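Please read the structure below before turning to the comments.
Every chain is numbered from 1, with letters handed out A, B, ... down the list of sequences. Predicted, not measured: the structure shown is a model, and the values here were computed from it.
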Amino acid sequence: AQSVTQLGSHVSVSEGALVLLRCNYSSSVPPYLFWYVQYPNQGLQLLLKYTTGATLVKGINGFEAEFKKSETSFHLTKPSAHMSDAAEYFCAVIETDSWGKLQFGAGTQVVVTP
Amino acid sequence: DTAVSQTPKYLVTQMGNDKSIKCEQNLGHDTMYWYKQDSKKFLKIMFSYNNKELIINETVPNRFSPKSPDKAHLNLHINSLELGDSAVYFCASSQRTPGANVLTFGAGSRLTVL
């Protein structure tokens, strides 16, 4: 069975600083990988996904993530944090042919300070 | 036009009551899901339907009964509500295609059991 580990339940960054959120998965076969964002009192919105091909994936709002098979990681970055990036971020995986059964990490709350 | 809409957004009720949450999607997707987000923000899949057929049924108490009258609607009925059922319930939909299914989430229904 898949598992997803997000390092750090809370991350505080200064406005303009690098945002780095870590995600590792456990699988013998690379799954499909996703990052979702949840703004307060809202549903989840897809930031980006990795399926196959280029390992550096660009998403919305200036975020990108890099799939590293050797490290079983899919870390999310943004070069310069904005106040509007304050939200909960979830890494998730789907095993192939699992009928879209997304398995989520525990989430990382990002706080952006002026 | 809201892509995945859930009603009600908030639900406060007493232990032992029965309640329902409704979900509708206008994306033309063939697969719908119910996820539960607990007080620690952890997200876990409960059920999924593909073209009205139940395809994912996680370890959920049988007090929870999903129903999909058509592929655009998925309802969740909960009998004999317990304190532990308090959570945010998210509906989601996707189109099952080869490769990764990208889920579109509703805004959530916050259930509080007193």
Side-chain angles (χ1 to χ4, degrees), chain A residues 1-6 8-11 21 23 25 27 29-53 57 59-60 65 67 74 87-111, chain B residues 2-7 9-10 21 23-25 27 29-51 53-60 71 74 87-110:
Chain A
Q2 294 280 357
S3 73
V4 182
T5 303
Q6 291 184 238
S9 59
H10 289 82
V11 168
L21 305 182
C23 173
Y25 65 92
S27 174
V29 176
Y32 300 128
L33 296 154
F34 303 79
W35 276 98
Y36 278 84
V37 61
Q38 183 179 24
Y39 298 104
N41 298 314
Q42 294 187 29
L44 285 85
Q45 180 181 0
L46 180 70
L47 273 179
L48 47 79
K49 66 175 182 178
Y50 170 79
T51 54
T52 58
V57 180
I60 62 171
F67 168 62
F74 191 55
E88 190 88 21
Y89 292 79
F90 293 93
C91 182
V93 303
I94 289 183
E95 291 184 38
T96 54
D97 294 327
S98 65
W99 289 100
K101 185 177 171 182
L102 264 179
Q103 183 157 344
F104 285 91
T108 298
Q109 184 174 17
V110 171
V111 173
Chain B
T2 305
V4 180
S5 58
Q6 303 178 222
T7 55
K9 190 170 173 66
Y10 299 96
I21 307 171
C23 179
E24 176 181 4
Q25 54 96 2
L27 297 167
H29 289 164
D30 60 5
T31 306
M32 295 184 73
Y33 311 79
W34 279 113
Y35 277 80
K36 179 180 179 181
Q37 186 174 45
D38 64 21
S39 58
K40 295 184 178 178
K41 299 276 182 85
F42 188 69
L43 282 149
K44 187 167 168 54
I45 190 167
M46 300 173 69
F47 303 103
S48 178
Y49 274 76
N50 175 258
N51 285 320
E53 179 187 352
L54 183 65
I55 55 171
I56 296 175
N57 187 355
E58 292 293 285
T59 307
V60 176
K71 70 176 190 177
L74 179 62
V88 182
Y89 293 86
F90 285 100
C91 178
S93 72
S94 72
Q95 183 65 26
R96 175 156 173 77
T97 55
N101 292 305
V102 175
L103 274 62
T104 300
F105 284 83
S109 297
R110 181 178 294 275

Check your understanding: Listed by chain and number, what are the side chain to side chain contact (heavy atoms under 4.5 Å, CB included) partners of B:Glu58, not counting sequence neighbours?
Key -> A:Lys101, B:Lys44, B:Ile45, B:Ile56, B:Val60
Point to revise | Pairing residues for A:Glu88 by the salt bridge (Lys or Arg N to Asp or Glu O under 4.0 Å) criterion, not counting sequence neighbours | key: B:Lys41
Review point. Which heavy atom in B:Phe42 sits nearest to a heavy atom in A:Phe104, and how many Å separate them?
Key: CE1-O, 3.8 Å
Practice item. Examine distances only and state if a side-chain atom of B:Tyr33 and a backbone atom of A:Leu102 form a donor-acceptor pair shorter than 3.5 Å. Key: no
Review point. If we only count heavy atoms from C-beta on, is the B:Val102 to A:Tyr36 side-chain gap below 4.5 Å?
Key: yes
Revision key, fill the gap. Distance col, row B:Leu43:CG vs A:Leu44:CG, nearest 0.5 angstrom, shows 5.5 Å
Point to revise | Pairs of heavy atoms under 4.5 Å with chain A: top-ranked of B:Lys40, B:Gln6, B:Gln37 | key: B:Gln37
Point to revise | Minimum heavy-atom distance between B:Phe90 and A:Gln38, given as atom pair plus value | key: CZ-NE2, 3.2 Å
